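Everything numeric here is computed off the predicted structure, so don't read it as measured data. These numbers come from the heavy atoms of this one structure, side chains and all, not from hydrogens, waters or symmetry mates.
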Amino acid sequence: EEDPGEISHFRALCTALSGTVGTGNIIGVAAAVLMGGPGALFWMWITAIVGMATKFTSCTLAVHFRKVDEAGEVHGGPMHFIEMGMGARFKWLAVVYATFTAIASFGIGNMFQVNSMVGAVKGLIFGSETAAASGADADLAIRLTVGICTAFVVAFVIIGGIKRIASWSGKIVPFMCFFYVAGALFILAKNASMIIPGFSMILTQAFSAPESVSGGLLGGVIRSGVSRGLFSNEAGLGSAAMAHSAAKTNEPVREGLVAMLEPFIDTLVICTITGLVII
């Protein structure tokens, strides 16, 4: 408790997971299987293993190179460890990183997520068959309603800063993961006889692309798995490092080890379960 920082290890982990467990695990996996076949899931596993090393490195650096202001608030992340670790002459690179990350957050962090939510709400209201033909006025009304409601809920949480974000994440993320995994395991239990053949398809088609996938090219399978794997666990993006930099610790490596759990939980566990349900 006496260590510098604002949130616990667990809340830092949950805050980072809150940005990764979600759309990437559901629509991301479905898109990977659709574009690259079942074999794409194998390459998502490889991405997760490499991503664990990336998360460890970036989050260790984020804690080692961080600023604690007079109010006790922590400022950390790639833009800080670039400037502090590489020297003042690389401040331009830190500015470039911060700028492009802010721009990217509108796409990968906002538009893709909200668009997926709109699709789910439309399917719930109109049914999957009639959602596409619901009409322009109804479509606009749903988009505006979902967008405005989401904006208010998100604002309520993030305006309170990292402490409030971590507090809510610590409550919601464990329940969210448990609820999703339990639902998926229930489906797998009902189709237990297909689990082993499912794994067999994943391992077989990881190295031999079916003709229907990207013209039968293995590169299409690998690219689908790697790109969707990175989208799922965000390894290398740097957003997790910002969350972990606020952890209460004097041991940067310890926080890096905690961060390694994210690609494991997100991709090796949740994405695998999702992929098996789909396959």
Side-chain angles (χ1 to χ4, degrees), residues 14-38 40-41 44 99-160 164-165 168-169 171-173 175-184 186-187 212-215 220-221 223-234 237 239 266-267 270-271 273-279:
C14 288
T15 301
L17 279 174
S18 69
T20 57
V21 176
T23 306
N25 303 106
I26 306 170
I27 296 174
V29 177
V33 174
L34 177 68
M35 296 165 60
L41 200 59
M44 291 184 78
T99 302
F100 279 111
T101 301
I103 294 170
S105 70
F106 287 99
I108 189 173
N110 287 277
M111 290 189 287
F112 188 92
Q113 310 282 5
V114 175
N115 192 55
S116 300
M117 290 169 62
V118 168
V121 172
K122 285 173 64 179
L124 192 66
I125 295 174
F126 297 105
S128 57
E129 295 181 359
T130 58
S134 58
D137 291 340
D139 182 73
L140 179 61
I142 291 172
R143 288 180 183 277
L144 284 172
T145 302
V146 172
I148 292 170
C149 290
T150 303
F152 273 109
V153 172
V154 172
F156 172 77
V157 175
I158 66 173
I159 288 174
R164 184 182 287 181
I165 295 171
W168 278 91
S169 298
K171 296 180 180 72
I172 294 172
V173 170
F175 170 77
M176 180 175 68
C177 291
F178 174 80
F179 181 80
Y180 184 76
V181 170
F186 175 75
I187 296 171
S212 60
V213 177
S214 303
V221 179
R223 186 192 178 284
S224 298
V226 171
S227 64
R228 292 297 169 175
L230 288 172
F231 177 74
S232 172
N233 59 49
E234 295 185 3
L237 185 64
S239 56
D266 180 87
T267 307
I270 298 180
C271 284
I273 293 172
T274 306
L276 283 173
V277 168
I278 295 168
I279 293 167

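- Expressed to the nearest 0.5 Å, how far CG of Leu230 lies from CG of Leu237 amounts to 9.5 Å.
- Rounding to the nearest 0.5 angstrom, the gap separating the CG atom in Asn115 from the CG atom in Asn110 is 12.0 Å.
- Residue Ala32 comes nearest to Met44 through the heavy atom pair CB-SD, 4.2 Å, listed as atom of the first residue, atom of the second, then distance.
- Looking at residues two or more places apart in sequence or on another chain, you find a side chain to side chain contact (heavy atoms under 4.5 Å, CB included) between Ile165 and Thr15, Val157, Ile158, Ser169.
- Within the model, atoms OG of Ser227 and CE of Met35 stand 6.0 Å from one another, a figure rounded to the nearest 0.5 Å.
- Residues passing the side chain to side chain contact (heavy atoms under 4.5 Å, CB included) test with Thr99, sequence neighbours excluded: Val95, Ile103.
- Here the CZ atom belonging to Arg228 is positioned 13.0 Å from the OG1 atom belonging to Thr267, to the nearest 0.5 angstrom.
- Residues Tyr180 and Thr274 are in side-chain contact: their nearest non-hydrogen atoms beyond the backbone lie under 4.5 Å apart.
- How far CD1 of Ile278 is from CG of Leu34: 9.5 Å, rounded to the nearest 0.5 Å.
- Checked by atom type and distance alone, the side chain of Arg164 pairs as donor or acceptor with a backbone atom of Phe156 at under 3.5 Å.
- The two residues Leu41 and Cys271 have their closest heavy-atom pair at CD1-O, 3.8 Å.
- Rounding to the nearest 0.5 Å places CG of Leu17 at 13.0 Å from CD1 of Ile172.
- Scanning for salt bridge (Lys or Arg N to Asp or Glu O under 4.0 Å) contacts around Arg143 gives Asp139, with sequence neighbours left out.
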